[in-house]
Amino acid sequence: GAPIGFCCPGGNDGRALYGDTAEFRLRIFYSGGYSVNGVSATKPNEFDRFFKLLAYGEDGGDIEIVQVGVEYRVREGTFRVLGMADLGQPQSSYDACYVEDY
């Protein structure tokens with residue numbers, strides 16, 4: 001996210017958005033700006049719209065992690081995506097007026 005004072009008065013990291021249920025994070029780097037259509041911001045609730053993770057399932061085969069809030073059984077236990085963070089100010093809902101901190 002942006003340096004303190006440039007974005008969000010309470011932060012926009014995983015803990016600020018998802019509380020103590022956010023145990024781990026997967027960091028994705030993109031350069032040159034990121035927007036699906038070049039105009040609209042990417043919203044924290046759009047993981048399943050743009051991303052897919054591949055993991056080893058309980059049986060050792062591949063399993064696709066594609067939905068937020070779904071508990072997936074992977075080789076080492078269970079895994080659940082809460083959403084995306086470090087995008088912009090936390091809100092109770094997201095619409096076309098959402099602004100990313102780029």
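All residue numbers in this chain count up from 1 along the given sequence.
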Next item on the list: Heavy atoms only: give me the nearest Ala55-Val74 pair and the separation to one decimal.
Entry: CB-CG1, 4.0 Å

Check: Got a second to check how far Arg80's CZ is from Glu23's CD, nearest 0.5 Å?
Finding: 9.0 Å

Next item on the list: State, to 0.1 Å, how close Met84 and Phe51 come at their nearest heavy-atom pair, and which atoms those are.
Entry: SD-CE1, 3.3 Å

Check: Are Val66 and Tyr56 linked, directly or through other ILVMFWY residues, by side chains that come within less than 4.5 angstrom of each other?
Finding: no

Next item on the list: Mark yes or no for whether Tyr94, through its side chain, and Thr42, through its backbone, hold a donor-acceptor pair below 3.5 Å.
Entry: no

Checklist line | Gap separating the NZ atom of Lys43 from the CG atom of Asp95, nearest 0.5 angstrom | finding: 7.5 Å

Next item on the list: Any chance you could lay out the side-chain contact (heavy atoms from CB on, under 4.5 Å) test for Leu54 and Ile65, step after step, and finish with the verdict?
Entry: CA-CA 6 Å; Leu54 192 61; Ile65 297 169; over 6 Å; no

Checklist line | Test item: Tyr72 and Gln67 side chains (from C-beta on) under 4.5 Å apart, heavy atoms | finding: yes

Next item on the list: Taking all heavy atoms of Ala85 and all of Tyr18, pick out the closest pair and write down the distance.
Entry: CB-CE1, 4.4 Å

Margin query: Please find the pair of heavy atoms, one from Ile63 and one from Gly57, that lie closest to each other, and give the distance.
Written below: CG2-N, 3.7 Å

Notebook entry, point to check: If you measure from CZ on Arg73 to OG1 on Thr78, what distance do you get to the nearest 0.5 Å?
Noted result: 6.5 Å

Next item on the list: Any chance you could measure Leu53, atom CG, to Leu26, atom CG, to the nearest 0.5 Å?
Entry: 6.0 Å

Next item on the list: Group every Ile, Leu, Val, Met, Phe, Trp and Tyr by side-chain heavy-atom contacts under 4.5 Å, then state whether Val68 and Phe50 land in the same group.
Entry: yes

